[in-house]
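In what follows, a single structure is set out as structure tokens and then discussed.
Whatever order the structure lists ligands and atoms in, that order sets their numbers, starting from 1. Model, not experiment: these values are computed from the prediction. The analysis underlying the following values was restricted to heavy atoms, covering all of them including side chains, and did not include hydrogens, waters or symmetry mates.
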Amino acid sequence: MAEVVFVDSEAAAGTLAAASIRSLILRKPDAVLGLATGSTPLSVYAALAASLAADPIDVSRVRGFALDEYVGLPAGHPESYRSVITRDAVVPLGLNPANIQVPSGDPATIRTAGLDYEAAILAAGGVDVQILGIGRTGHVGFNEPGSSFASLTRVKTLTEKTRADNARFFPSVDDVPIHCMTQGLGTILRARHLILLAFGPEKADAIAAAVEGPVSSSKPGSVIQLHPHVTVIVDEAAASKLDNLDYYRYAWAHKPWPGI
Ligand code: PGA
């Protein structure tokens, strides 16, 4: 069962997740981080950046793999996930850009880029901690409903709902790419620890389906129920459709060790 932790702010969620990542890096200086884009993980990167600024540790050997990338945006496009990860995580955390990989969104290579990305993750020894958001469609990474739980990094077609959600970053919805490269649900299952964050009422259905719903590829977030070490960090609004709230609170209050 996933550990479900309630927070009263995104900042508090970021602090919890950042403490876990910091302690991972202290234990394993070449830790492999699974980096998510979008609004959700920003508090994690901000809290970790603040922690590193206040009390520096060596992050020069930390490695990172992005979850996904749009297909077809020109190199250097400000909304490519290479650019977003660089802006939101790599620069503020002081990571070495040479240690950070993002799936290639070059249309010329989409048939092989997934295999190459999987090989790179394996060569790095796998992802130690994967940060995840969840979309209103229930997607994790860009694994839209129907994605196989065995799927690995590959090209996917974005739903119109996801394109509409992401249109806020582009001049219009027509500028949002139709295709992406995304780690598969099978790739995500191989990471050693998953931290899934969600905030706001628009994520309540997706969180309920992921944490307590039937395990179904129609609800890609439900893949977390197949993983042995998952932490779900949610605010009250995103948690509002969960049934077992009292038990999650009780388990967290009586956790035998601090933190996630
Ligand atoms: P968001 O996106 O963090 O911007 O809400 C989450 C997602 O689509 O996975």
Side-chain angles (χ1 to χ4, degrees), residues 2 7 9-14 17-18 33-48 65-71 73 78-81 83-85 87-89 92 102-103 105 127 129-147 151 153 156-170 173 175-185 187-189 191 194-211 217-224 227 230-241:
V7 290
S9 67
E10 293 192 32
L33 310 182
L35 301 168
T37 49
S39 308
T40 304
L42 292 177
S43 62
V44 180
Y45 303 138
L48 188 53
F65 286 89
L67 265 178
D68 41 23
E69 177 60 289
Y70 289 115
V71 169
L73 293 183
E79 295 308 328
S80 76
Y81 282 176
S83 297
V84 173
I85 280 289
R87 199 164 60 227
D88 290 350
V102 180
V127 170
V129 60
Q130 176 65 58
I131 301 161
L132 295 170
I134 190 165
R136 286 193 305 141
T137 65
H139 69 210
V140 286
F142 270 142
N143 294 282
E144 299 285 25
S147 295
S151 55
T153 307
K156 282 292 287 184
T157 306
L158 297 172
T159 62
E160 292 189 76
K161 196 170 176 183
T162 296
R163 291 181 69 226
D165 281 350
N166 289 7
R168 67 190 192 277
F169 299 113
F170 291 85
V173 69
D175 297 298
V176 183
I178 291 173
H179 296 103
C180 65
M181 293 293 301
T182 182
Q183 287 190 29
L185 297 174
T187 319
I188 291 167
L189 279 177
L194 306 181
I195 302 178
L196 171 63
L197 305 109
F199 311 112
E202 64 280 5
K203 300 293 176 71
D205 286 324
I207 283 295
V211 177
S217 60
S218 297
K219 305 288 182 186
S222 66
V223 72
I224 65 171
H227 192 285
V230 183
T231 307
V232 177
I233 308 180
V234 281
D235 65 6
E236 293 291 335
S240 60
K241 296 192 175 171

- prompt: Are any of the side-chain heavy atoms of H139 and T159 separated by less than 4.5 Å?
  reply: no
message: Quick check: do P103 and Q183 have side-chain heavy atoms less than 4.5 Å from each other?
response: no
query: Side chains of Y70 and V176: does their closest heavy-atom pair fall under 4.5 Å?
result: yes
message: Is there a side-chain contact between I188 and N143 in this structure, where contact means two heavy atoms from C-beta onward sitting under 4.5 Å apart?
response: yes
query: In terms of heavy-atom contacts, does CD of E160 have more than 12 from other residues, nucleotides or ligands at under 6.0 Å?
result: no
statement: Residue shell for ligand 1, any heavy atom closer than 4.0 Å, reads G38, S39, T40, G133, I134, G135, H139, R168, K203
Side chains of I195 and V129 in contact at under 4.5 Å (non-hydrogen atoms): yes
